[in-house]
Amino acid sequence: HMQKRNSQHRTDIISTVEFNYSGELLATGDKGGRVVIFQREQESKNRPHSRGEYNVYSTFQSHEPEFDYLKSLEIEEKINKIRWLPQQNAAHSLLSTNDKTIKLWKISQRDKRAEGYNLKDEDGRLRDPFRITSLRVPVLLPMDRMVEASPRRIFANAHTYHINSISVNSDHETYLSADDLRVNLWHLEITDRSFNIVDIKPANMEELTEVITAAECHPHQCNVFVYSSSKGTIRLCDMRAAALCDRQSKFFEEPEDPSSRSFFSEIISSISDVKFSHSGRYMMTRDYLSVKVWDLNMENRPVETYQVHEYLRSKLCSLYENDCIFDKFECCWNGADSAIMTGSYNNFFRMFDRNTRRDVTLEASRENSKPRAILKARKVSTGGKRKKDEISVDSLDFNKKILHTAWHPKENVIAVAATNNLYIFQDKIN
């Protein structure tokens with residue numbers, strides 16, 4: 001497989017990253033429709049530092065490219081989102097989706113095999129019943145671990161537009177999926193029907209002014225969900241209030257600062273990701289230049305705003321010309337809701353500490369990712385004299401972007417996807 005410089009055609013570009021509820025498994029999806037699951041190694045006596053190393057556990061093809069003959073459209077196999085289901089037995093389950101079809105996968109492992117059957121020989125051939133003179137008790141013997149991924153359910157034909165979000169509800173029985181104009185509610189056991197709970201499609205498509213960009217279920221209240229829009233607004237809806245949540249319960253929007261208005265204001269205010277805090281009291285939204293934290297009890301403005309790469313404000317013209325201004329950056333909380341992380345360009349990612357208000361820029365790249373090397377903070381200079389360690393805005397590589405990151409639910413372990421490389425960083429263990 002030749003490494004093409006043009007990353008558009010590469011199928012190994014990572015398109016989603018997600019830890020499971022315990023953090024012991026980490027799933028990535030890519031442009032080629034594959035899902036790769038990593039499992040955290042248990043600490044061993046002879047290798048005390050091995051704890052925290054994630055190794056490949058299972059790889060499977062989740063989606064294939066398809067063709068919609070009615071619309072003459074190719075449906076690409078790229079995995080848009082993966083969401084784990086809470087573990088109910090020894091097997092693990094996850095939902096994965098491309099633009100059109102959501103699949104429920106079960107990942108199970110076998111590391112034992114039965115031997116000593118009564119009705120068949122060791123090579124599997126059936127025995128003549130008349131030759132069976134005694135009764136044997138079969139025994140379980142250890143064998144090499146086999147991990148199998150099997151599709152348990154396929155949720156299809158419910159989205160006319162491209163699916164951008166899936167979110168498992170806190171009742172663990174239902175989940176929602178969102179595309180550009182609609183949000184649907186599914187039961188995990190039922191594949192042939194879903195309930196449409198949001199529909200913003202105008203009667204006349206020429207009157208279309210906004211699209212849905214992301215949606216998520218509340219972590220504790222199974223009747224509450226939010227969805228964000230390309231106009232920079234967030235709507236919080238309550239399914240108990242109405243079957244079709246056209247009128248939101250709460251509407252979050254920050255008034256625009258007239259002094260900073262520009263030709264690009266509308267584009268950069270579009271929200272690319274929304275995430276509830278684990279506590280369920282806050283939500284975080286990511287737009288092109290910033291991350292905002294909202295208190296669910298206060299709709300008129302965010303309680304915190306963090307600048308991700310303010311130095312790009314003067315570069316919006318060229319970012320518009322090379323289409324980067326439409327990049328969709330995701331954001332995530334740490335397990336304690338005390339810190340947040342989101343990506344930037346040049347393989348940089350940003351972390352903000354909500355208590356101290358300190359922030360740091362780190363880089364995920366081959367050069368500085370030798371095992372157990374400590375990450376150095378990066379600084380970008382914005383004109384004037386550049387200090388020795390700083391990187392000039394004009395030398396940032398906009399093809400190297402970190403759109404997808406994930407934070408371990410309980411520990412300071414993070415996963416960062418940089419194009420086709422996955423980096424896992426953890427707190428320094430002295």
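Of the charged side-chain nitrogens involved, at least one lies within less than 4.0 Å of a carboxylate oxygen, so that Asp327 and Lys401 count as a salt-bridged pair. Taking a cutoff of 4.0 Å between a charged side-chain nitrogen and a carboxylate oxygen, Arg378 and Glu363 qualify as a salt bridge. Salt bridge annotation for Arg354-Glu304: present, with a cationic side-chain nitrogen under 4.0 angstrom from a carboxylate oxygen. A salt bridge links Asp394 with Lys315: the distance from a Lys NZ or Arg NE/NH1/NH2 to an Asp or Glu carboxylate oxygen falls below 4.0 Å. Residues Glu148 and Arg110 are paired through a salt bridge, judged by an N-O separation under 4.0 Å between the basic side chain and the carboxylate. A salt bridge is absent between Asp121 and Arg125: the closest approach of a Lys/Arg side-chain nitrogen to an acidic carboxylate oxygen does not fall below 4.0 angstrom. By the 4.0 Å N-to-carboxylate-O rule, Arg182 lies close enough to Asp199 to be salt-bridged with it. The existence of a salt bridge linking Arg40 and Glu411 is confirmed by a sub-4.0 Å separation between a basic side-chain nitrogen and an acidic carboxylate oxygen. Here Glu254 pairs with Lys292 in a salt bridge; the nearest charged N to carboxylate O distance falls below 4.0 Å. Salt-bridge annotation for Asp12 and Lys31: absent, with no side-chain N of the basic residue lying under 4.0 Å from a carboxylate O of the acidic one.
The number of heavy atoms from other shown groups lying within 6.0 Å of CZ (Phe195) does not exceed 12. For CZ of Arg357, the number of neighbouring non-hydrogen atoms (other residues, nucleotides, ligands) closer than 6.0 Å is greater than 12. For Asn157, the CG atom counts as loosely surrounded, since its 6.0 Å shell holds 12 or fewer non-hydrogen atoms of other residues, nucleotides or ligands. Heavy-atom contacts from other residues, nucleotides or ligands closer than 6.0 Å to CG of Asp144 number 12 or fewer. For Arg127, the CZ atom counts as densely surrounded, since its 6.0 Å shell holds more than 12 non-hydrogen atoms of other residues, nucleotides or ligands. Summarising the local packing, NZ of Lys328 is surrounded by 12 or fewer heavy atoms from other residues, nucleotides or ligands at distances under 6.0 Å. Other residues, nucleotides and ligands place no more than 12 heavy atoms under 6.0 Å from the NE2 atom of His162. More than 12 heavy atoms of other residues, nucleotides or ligands shown are found within 6.0 angstrom of CZ on Phe67.
For the residue pair Ser230 / Thr213, no side-chain donor-acceptor distance below 3.5 Å is found, with atom types taken as modelled. A side-chain donor from one of Thr342 and Arg286 sits under 3.5 Å from a side-chain acceptor of the other. With no hydrogens or angles considered, no side-chain donor-acceptor pair links Asn346 and Asp397 at under 3.5 Å. If you check the side chains of Asn80 and Asp99, you find a donor sitting under 3.5 Å from an acceptor. Judged by distance alone, the side chains of Ser290 and Thr305 never bring a donor and an acceptor atom under 3.5 Å apart. If you check the side chains of Thr361 and Arg350, you find a donor sitting under 3.5 Å from an acceptor. Side chains of Asn334 and Ser338: a donor-acceptor N/O pair is present below 3.5 angstrom, by distance only.
Under the 4.5 Å side-chain criterion, counting only non-hydrogen atoms from C-beta, Asp273 is in contact with Cys331. Put simply, the side chain of Ser170 does not reach to within 4.5 Å of the side chain of Pro219, judged on heavy atoms.
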Show your working on side-chain hydrogen bond (donor to acceptor under 3.5 Å, both in side chains) between Asn55 and Glu41 and close with a plain yes or no.
CA-CA 7 Å; Asn55 293 318; Glu41 292 305 314; 3.1 Å; yes

Val308 vs Leu289, test: side-chain contact (heavy atoms from CB on, under 4.5 Å). Steps then yes/no.
CA-CA 6 Å; Val308 176; Leu289 295 177; over 6 Å; no

I would like to know whether Ser93 and Trp84 meet side-chain hydrogen bond (donor to acceptor under 3.5 Å, both in side chains); could you show each step before the answer?
CA-CA 6 Å; Ser93 302; Trp84 290 91; over 6 Å; no

What verdict does the side-chain hydrogen bond (donor to acceptor under 3.5 Å, both in side chains) test give for Ser177 and His159, after you've listed the backbone C-alpha separation in whole Å, the side-chain angles of each residue and the deciding distance to 0.1 Å?
CA-CA 9 Å; Ser177 58; His159 285 278; 2.6 Å; yes

In sequence, state the C-alpha distance, the side-chain angles, and the governing distance for Trp105 and Phe60, and then conclude on ring-ring contact (aromatic ring centres under 6.0 Å, His included).
CA-CA 10 Å; Trp105 289 89; Phe60 59 94; 4.6 Å; yes

Glu173 and His187: side-chain contact (heavy atoms from CB on, under 4.5 Å), yes or no, with the steps?
CA-CA 6 Å; Glu173 283 191 353; His187 194 288; 3.8 Å; yes

Run Glu299 and Lys250 through salt bridge (charged side-chain N to carboxylate O under 4.0 Å, His left out) and show every step you take.
CA-CA 7 Å; Glu299 300 166 52; Lys250 294 189 175 184; 5.0 Å; no

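Atom OH in Tyr282 sits 10.0 Å away from atom CE in Met298 (nearest 0.5 Å). Summarising the geometry, atom OH belonging to Tyr423 is positioned 15.0 Å from atom OG1 belonging to Thr405; distances are rounded to the nearest 0.5 Å. Between the NE2 atom in His404 and the OG atom in Ser15 there is a gap of 6.0 Å [rounded to 0.5 Å].
The minimum heavy-atom distance between Met283 and Trp333, with the atom names listed, is C-CZ2, 3.9 Å.
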Output a table of donor-acceptor pairs, distance under 3.5 Å, between side-chain atoms of residues 71-78 and any protein atom two or more places apart or on a different chain; print 'none' if there are none.
none

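The stretch residues 79-91 participates, sequence neighbours left out, in these salt bridge (Lys or Arg N to Asp or Glu O under 4.0 Å) pairs: Glu18-Arg83, Lys81-Glu330.
Checked against a 6.0 Å centroid threshold, the rings of Tyr306 and Phe352 count as neighbours. When ring centroids are compared, His309 and Tyr288 come within the 6.0 Å threshold.
Ring geometry for Tyr345 against Phe329 counts as perpendicular: the plane angle is over 60°, on a 0 to 90° scale with 30° as the lower cut. A perpendicular orientation is assigned to the rings of Tyr21 and His172, their planes being inclined by more than 60° (bins at 30° and 60°).
A donor-acceptor pair under 3.5 Å is absent between the side-chain atoms of Thr16 and the main chain of Gly29, judged by distance alone.
For the side chain to side chain contact (heavy atoms under 4.5 Å, CB included) criterion with Val168, the lone passing option out of Leu95, Thr174, Leu94 is Leu95.
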